[in-house]
Enquirer: 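Here it is, the structure, as structure tokens.
A quick note: this is a predicted structure, and the numbers were derived from the prediction, not measured.
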Amino acid sequence: MTLPIDPSQIDPDDIGEAQTTLEMGHEEAIEHVREAFTDAGFGVPVEFSPSEMLNEKVDAGRDPYYVLGACNPEVADRALDATDNKLGALMACNVVVWEEEPGTQRVYHVSIMRIARLVGMAPDGDEMADIVAETGELVDAAFENL
């Protein structure tokens, strides 16, 4: 299969990539990220630790890695309407926290709204542009508080 786009040519801004490093323990970082995203207007309806599951199931030996599925209900509702429900396949807006080394955590996020538009799951019209802008502002506010 040939990809319709060259991933090496994607600018991080095209996918709404945001990341930062936190100098704190893993559990403390998870709580801090959860709080920052909640304060910015997101709920966190889904959380899980792939590292715990993989270490248990296949003895992967992975360092701590945690996913927080953040969602702003009003924006999510609009996005589902704007994409004929397709965006639900990418929900929730994941924010991941992984331990780079003890005491150093990487927080990483990409915009599902931008990715959906980039791959043709969402229209490239005004409504989706407004949704992308609004979610970008919310994510920016959360990252400013990290």
Side-chain angles (χ1 to χ4, degrees), residues 1-80 82-83 85-122 124 128-146:
M1 176 177 117
T2 302
L3 294 175
I5 55 176
D6 180 354
S8 68
Q9 298 301 309
I10 296 174
D11 185 294
D13 289 339
D14 291 341
I15 59 171
E17 185 178 77
Q19 59 183 315
T20 193
T21 302
L22 301 176
E23 300 298 328
M24 60 182 65
H26 190 68
E27 294 300 322
E28 182 183 3
I30 292 167
E31 184 58 37
H32 184 62
V33 170
R34 186 186 300 112
E35 185 177 300
F37 272 78
T38 300
D39 288 350
F42 290 94
V44 183
V46 178
E47 297 185 45
F48 63 102
S49 173
S51 59
E52 286 180 14
M53 185 265 306
L54 293 170
N55 291 344
E56 178 184 317
K57 300 293 184 187
V58 296
D59 196 26
R62 294 206 166 263
D63 291 333
Y65 189 100
Y66 200 81
V67 178
L68 297 122
C71 181
N72 177 286
E74 291 82 17
V75 176
D77 185 50
R78 289 176 40 219
L80 285 172
T83 64
N85 292 321
K86 293 176 185 172
L87 195 70
L90 298 176
M91 286 182 173
C93 300
N94 290 331
V95 181
V96 295
V97 180
W98 69 81
E99 186 172 75
E100 292 187 331
E101 59 185 58
T104 303
Q105 314 305 315
R106 172 71 59 180
V107 181
Y108 183 82
H109 168 79
V110 294
S111 168
I112 64 167
M113 304 302 180
R114 287 180 180 270
I115 291 171
R117 197 167 57 174
L118 187 66
V119 299
M121 288 176 68
D124 196 20
M128 200 63 201
D130 289 346
I131 291 168
V132 167
E134 186 172 345
T135 56
E137 290 169 8
L138 293 169
V139 169
D140 288 347
F143 268 83
E144 285 173 14
N145 289 319
L146 292 177

Enquirer: Donor-acceptor pairs under 3.5 Å, side chain of residues 135-144 to any protein atom, not counting sequence neighbours: which ones?
Expert:
| unit_1 | atom_1 | unit_2 | atom_2 | d |
| --- | --- | --- | --- | --- |
| Thr135 | OG1 | Ile131 | O | 3.1 |
| Thr135 | OG1 | Val132 | O | 3.1 |

Enquirer: If every non-hydrogen atom of Cys93 is compared with every non-hydrogen atom of His109, which pair is closest and at what distance?
Expert: CB-CE1, 4.1 Å
Enquirer: Which pairs of donor and acceptor atoms, one on a side chain in residues 2-14, lie under 3.5 Å apart (sequence neighbours left out)?
Expert:
| unit_1 | atom_1 | unit_2 | atom_2 | d |
| --- | --- | --- | --- | --- |
| Asp6 | OD1 | Ser8 | N | 3.0 |
| Asp6 | OD1 | Ser8 | OG | 2.7 |
| Asp6 | OD2 | Ser8 | OG | 3.2 |
| Asp11 | OD1 | Asp13 | N | 2.7 |
| Asp14 | OD2 | Asp11 | N | 3.3 |

Enquirer: Which pair of non-hydrogen atoms, one from Gly88 and one from Leu80, has the smallest distance, and what is that distance?
Expert: N-CD2, 3.5 Å
Enquirer: Run the side-chain contact (heavy atoms from CB on, under 4.5 Å) test on Val107 and Val96 for me, step by step, so that the C-alpha distance in whole Å, both residues' side-chain angles and the decisive distance to 0.1 Å come before the verdict.
Expert: CA-CA 6 Å; Val107 181; Val96 295; over 6 Å; no
Enquirer: Do the non-hydrogen side-chain atoms of Leu68 and Asn94 ever get within less than 4.5 Å of each other?
Expert: no
Enquirer: Taking salt bridge (Lys or Arg N to Asp or Glu O under 4.0 Å) as the cut-off, I'd like each qualifying pair that reaches into residues 94-104, sequence neighbours left out, listed once.
Expert: Glu100-Arg106
Enquirer: In chain order, what residues pass the side-chain hydrogen bond (donor to acceptor under 3.5 Å, both in side chains) check against Ser51, with sequence neighbours excluded?
Expert: Ser49
Enquirer: Using distance only, find each side-chain donor-acceptor pair of residues 32-46 under 3.5 Å and give its atom names and separation, not counting sequence neighbours.
Expert:
| unit_1 | atom_1 | unit_2 | atom_2 | d |
| --- | --- | --- | --- | --- |
| His32 | NE2 | Asn145 | O | 3.4 |
| His32 | NE2 | Leu146 | O | 3.3 |
| Arg34 | NE | Glu47 | OE1 | 3.4 |
| Arg34 | NE | Glu47 | OE2 | 3.0 |
| Arg34 | NH1 | Glu31 | OE1 | 2.3 |
| Arg34 | NH2 | Glu47 | OE1 | 2.6 |
| Thr38 | OG1 | Arg34 | O | 2.8 |

Enquirer: Taking side chain to side chain contact (heavy atoms under 4.5 Å, CB included) as the test, write out the residues that go with Ala60, two or more places apart.
Expert: Leu54, Asn55, Val58, Arg62
Enquirer: In the structure I gave you, are the side-chain heavy atoms of Ile115 and Met121 within less than 4.5 Å of one another anywhere?
Expert: no
Enquirer: Please list, chain by chain and in numerical order, all residues satisfying side-chain hydrogen bond (donor to acceptor under 3.5 Å, both in side chains) with Glu17, sequence neighbours excluded.
Expert: Tyr108
Enquirer: Using the rule given for side-chain contact (heavy atoms from CB on, under 4.5 Å), can you reason through Asp63 versus His26, listing the C-alpha separation, both sets of side-chain angles and the distance that settles it, and then say yes or no?
Expert: CA-CA 10 Å; Asp63 291 333; His26 190 68; over 6 Å; no
Enquirer: Kindly write out the residues that satisfy side chain to side chain contact (heavy atoms under 4.5 Å, CB included) with Asp59, not counting sequence neighbours, or none if the list is empty.
Expert: none
Enquirer: Tell me the ring-ring contact (aromatic ring centres under 6.0 Å, His included) pairs involving residues 58-78, sequence neighbours left out?
Expert: Tyr65-Trp98
Enquirer: What residues, two or more places apart in sequence or in another chain, satisfy side-chain hydrogen bond (donor to acceptor under 3.5 Å, both in side chains) together with Glu27?
Expert: none
Enquirer: Please report the interatomic distance CG(Asp77) to SG(Cys71), rounded to the nearest 0.5 Å.
Expert: 9.5 Å
Enquirer: Please name the pair of heavy atoms, one in Thr83 and one in Ala122, separated by the smallest distance, quoted to 0.1 Å.
Expert: CG2-CB, 3.5 Å
Enquirer: List in chain and number order the residues that pass side-chain hydrogen bond (donor to acceptor under 3.5 Å, both in side chains) with Arg78, two or more places apart in sequence or in another chain; answer none if no residue qualifies.
Expert: Glu127, Glu134
Enquirer: Can you list everything that forms a side chain to side chain contact (heavy atoms under 4.5 Å, CB included) with Glu23? Sequence neighbours excluded, please.
Expert: Thr21, Thr104
Enquirer: Under a 4.5 Å cut-off applied to non-hydrogen side-chain atoms, are Met113 and Met128 in contact?
Expert: yes
